[in-house]
Number of protein chains: 2
Amino acid sequence: MSQRNTGVTSQVVNAHACPVREVLDRVAGKWSVQILVAAAHGPIRFTELERSIDGISRRMLTLTLRNLERDGLVTRTVHPTVPPRVEYELTSMARELYATLLSLTEWAERHRVTIAEARAAYDAEHAPELLDV
Amino acid sequence: MSQRNTGVTSQVVNAHACPVREVLDRVAGKWSVQILVAAAHGPIRFTELERSIDGISRRMLTLTLRNLERDGLVTRTVHPTVPPRVEYELTSMARELYATLLSLTEWAERHRVTIAEARAAYDAEHAPELLDV
DNA sequence: CGGGATCCGCCCCGATACTG
DNA sequence: CAGTATCGGGGCGGATCCCG
């Protein structure tokens, strides 16, 4: 099967499942969201993305951009100038998605502390048994 | 460092980054969302989850539930009856998250066709070069 | 400048078997 | 019924080098 790999396992299998997975398969990659954020305010060049994201490798930047382009979330425009100039821009579809992600951001910030506490409590409850005795 | 693995790489590194990643790290797992969906309407037993999700292994069901529990998204209640009876239930925090996921669902369904077309176009444009010559 | 190609480690997840 | 333990594959992502 000549199906390309987009980032998270199995497109085919989960197709029938809830559509949320479709979104997640597209956005759950380690860098996808940060790229969308960085490109949210207008066209941006490859190197600008590379510097603004911090920690990303050229490889992953390229791969993630390709996947986003493939899914119609970003457009890639090549300006055939002497030093090559490539600009990436969000599609309207991607800008809608970006807006939607904001409600997730909200949720995360509202419950960030609670989650941290829940983790600490869980770890305190389950880890010591290994060291204690 | 005794930090547990929750599903998607690096908690520490991305802590400073956008909080969306925090949510995704928690939900991007292959089964997390389906479990949240299955448990959305009320307490549900382990085996009920296992049967209602279809395709999930006992192992992954357990692991994903543990992570959700650790993050405070589900509660685990053990009834010490003769055949053991364990019920999982969403916390209010998780129900809020579930509601938020609905806007993602919407987005996915609105653009599902467009995305599929974008993919087909991209693949048609980039794949043939390998076979053609 | 904007990539592509390759090698490799790590973690996610599946399959199977065993337990209280 | 509700898990745990172990083995193993696959793919995501990092590092490095090379190209037009």
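Throughout, protein chains are lettered first and strands after them, A, B, ... in sequence-line order, and every chain is numbered starting at 1.
- In this structure, the CG atom of B:Leu61 is 11 Å from the P atom of D:dT4, given to the nearest Å.
- In this structure, A:Gln34 atom CD and D:dG13 atom P are separated by 11 Å, rounded to whole Å.
- Note on A:Arg76: every side-chain N or O is 4.0 Å or more away from OP1 and OP2 of C:dG2.
- Going from atom NE2 of A:His79 over to atom P of C:dG2 covers 10 Å, rounded to whole Å.
- Here the side chain of A:Pro83 is nearest to one of C:dC1, D:dA2, C:dG2, namely C:dC1.
- The side chain to side chain contact (heavy atoms under 4.5 Å, CB included) with A:Arg59 is formed by just one residue from the set A:Leu61, A:Leu63, A:Ile56; it is A:Leu63.
- A:Leu65 and A:Val78 fall within the same hydrophobic cluster, where Ile, Leu, Val, Met, Phe, Trp and Tyr residues are linked whenever their side-chain heavy atoms come under 4.5 Å apart, directly or through other members.
- The listed nucleotides are C:dG4, D:dG14, C:dG2; the one nearest the side chain of A:Arg66 is C:dG4.
- Rounded to whole angstrom, the span from the CG atom of B:Leu24 across to the P atom of D:dC12 amounts to 16 Å.
- You'll find the side chain of A:Ile115 reaches within 4.5 Å of the side chain of B:Met93, heavy atoms only.
- Under the rule for a side chain to side chain donor-acceptor pair (under 3.5 Å), A:Glu106 has no partner lying at least two apart in sequence or in another chain.
- For B:Arg85 and D:dC1, the CZ to P distance is 11 Å, given to the nearest whole Å.
- In this structure, B:Arg51 atom CZ and D:dG3 atom P are separated by 14 Å, rounded to whole Å.
- Listed candidates were D:dT4, D:dG14, D:dA2. Nearest to the side chain of B:Thr62 is D:dT4.
- Across the protein-nucleic acid pair, A:Lys30 atom NZ and C:dC10 atom C1' stand 11 Å apart, rounded to whole Å.
- The CZ atom of A:Arg45 sits 11 Å away from the P atom of C:dG3 (whole-angstrom rounding).
- The shortest side-chain heavy-atom distance between B:Met60 and B:Lys30 does not fall under the 4.5 Å cut-off.
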Polar atoms only, N or O, under 3.5 Å: list the protein pairs with nucleotides 15-20 of chain C and their distances.
none

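- Residues A:Asp71 and B:Arg119 form a side-chain contact, since some pair of their non-hydrogen atoms from C-beta on lies under 4.5 Å apart.
- Between A:Leu63 and B:Tyr88, the residue anchored closer to the 5' end of DNA chain D is B:Tyr88, taking for each the nucleotide with the nearest heavy atom.
- Comparing D:dG3, C:dG4, C:dC13 against the side chain of B:Trp31 picks out C:dC13 as the nearest.
- The aromatic rings of A:Trp107 and A:His111 are tilted relative to each other, their planes meeting at an angle between 30° and 60°.
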